[in-house]
Amino acid sequence: MYAESDFQHVVSVKNLDSLQYIWLTAIGAVFFHALYSILKCRLAPKICSRLSKSSDSGAAPLSLVAEVSEKLVSIIYAIMCSVGSMVILWQARNDLLRGQSPILVPFTYFIMWYFVYDIYAMYDFYCLRMSPQGSFLEKAATFCRANAAIVTHHVVILVIGVPLCLVSGHILSLPCTLIIPCKPFLADVHVAQGHG
């Protein structure tokens, strides 16, 4: 019925798609971490030195630099997600319930690393601001307890939202990617509780 060359063609195309998704994930990982590092080293200190009045030398505290860098990356991420979501919804505008978008799955592979990066950036800021004592595991446990809502938010999106988008590839999974805008509200709750 099918020639062996047809089967090999299907397998090679499937492997190529998997390789492309691995590259998208790797590019997303490098992008968010590199953006944070560049902002933390170059741009954020300039912004913070204008905002900081706590130091006689005019130098901003490292925790302020880390916080501004994390916020700037979050703003860039929010813009990317807003534009991406509008494009995805536009592509599925004829059937929002069952429609599919060709960029939903690749977009999800690229942006999913943001949640891992953001936990790292929040941990970095927490360590610079609070100067916790103990081993890495003790510091991480203290950080997770102090930031339970936002860490849970990130883990739930990584464990439930991302696989739902990747497995279904269906526009119905888009609300999982739209959970992202609740981060500022979680951050406000976190600050109001006196942790931030």
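Just so it is clear, the structure is predicted and the values come from calculations on it, not from any experiment.
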Euclidean distance, [Y] [atom2] relative to [X] [atom1], rounded to 0.5 Å:
X    : Y    : atom1 : atom2 : result
I75  : K71  : CD1   : NZ    : 9.0 Å
I119 : C144 : CD1   : SG    : 7.5 Å
I111 : Y117 : CD1   : OH    : 14.5 Å
F115 : L158 : CZ    : CG    : 6.5 Å
R42  : S37  : CZ    : OG    : 11.5 Å
Q20  : T25  : CD    : OG1   : 11.5 Å

Check your understanding: How far apart are the closest heavy atoms of K139 and Q133, and which atoms are they?
Key ->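 Nearest pair, atom of K139 first, then Q133: CG-O, 4.3 Å.
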
Exercise for review: Specify the closest pair of heavy atoms between I157 and P163, including all atoms of both residues, with the distance to one decimal.
Suggested key: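 The answer is O-CD, 4.3 Å.
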
[X] and [Y]: same hydrophobic cluster, using ILVMFWY side-chain contacts below 4.5 Å?
X    : Y    : value
V30  : L19  : no
Y120 : L39  : yes
I160 : V151 : yes

Are any non-hydrogen side-chain atoms of [X] and [Y] less than 4.5 angstrom apart?
X    : Y    : result
Y126 : T142 : yes
E70  : F125 : no
M80  : F110 : yes
I150 : N147 : yes

Exercise for review: With sequence neighbours left out, write down each residue that passes side chain to side chain contact (heavy atoms under 4.5 Å, CB included) with V159, or none if nothing qualifies.
Suggested key: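 Partners of V159 under the side chain to side chain contact (heavy atoms under 4.5 Å, CB included) test: V155.
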
Practice item. Could you please spell out the steps behind the side chain to side chain contact (heavy atoms under 4.5 Å, CB included) verdict for V68 and K40? Key: CA-CA 8 Å; V68 170; K40 192 174 168 186; over 6 Å; no

Check your understanding: Just one of F31, Y36, F32 clears the ring pair (Phe, Tyr, Trp, His ring centres under 6.0 Å) bar with Y114, so which one?
Key ->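 Going through F31, Y36, F32 one by one, the ring pair (Phe, Tyr, Trp, His ring centres under 6.0 Å) with Y114 is satisfied by F32 alone.
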
Check your understanding: So which of F107, W113, Y109 actually passes side chain to side chain contact (heavy atoms under 4.5 Å, CB included) with L24?
Key ->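 Result: among F107, W113, Y109, Y109 is the only option passing the side chain to side chain contact (heavy atoms under 4.5 Å, CB included) with L24.
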
Exercise for review: List the steps, then state whether side chain to side chain contact (heavy atoms under 4.5 Å, CB included) holds for V105 with Y21.
Suggested key: CA-CA 9 Å; V105 172; Y21 292 141; 4.0 Å; yes

Point to revise | Flag, side chain of S63 to backbone of R129, donor-acceptor distance under 3.5 Å | key: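 Flag not set: sc S63 to bb R129 has no pair under 3.5 Å.
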
Review point. For I88, does its backbone N or O pair with a side-chain atom of Q91 as donor and acceptor, under 3.5 Å?
Key: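 It does not hold such a pair.
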
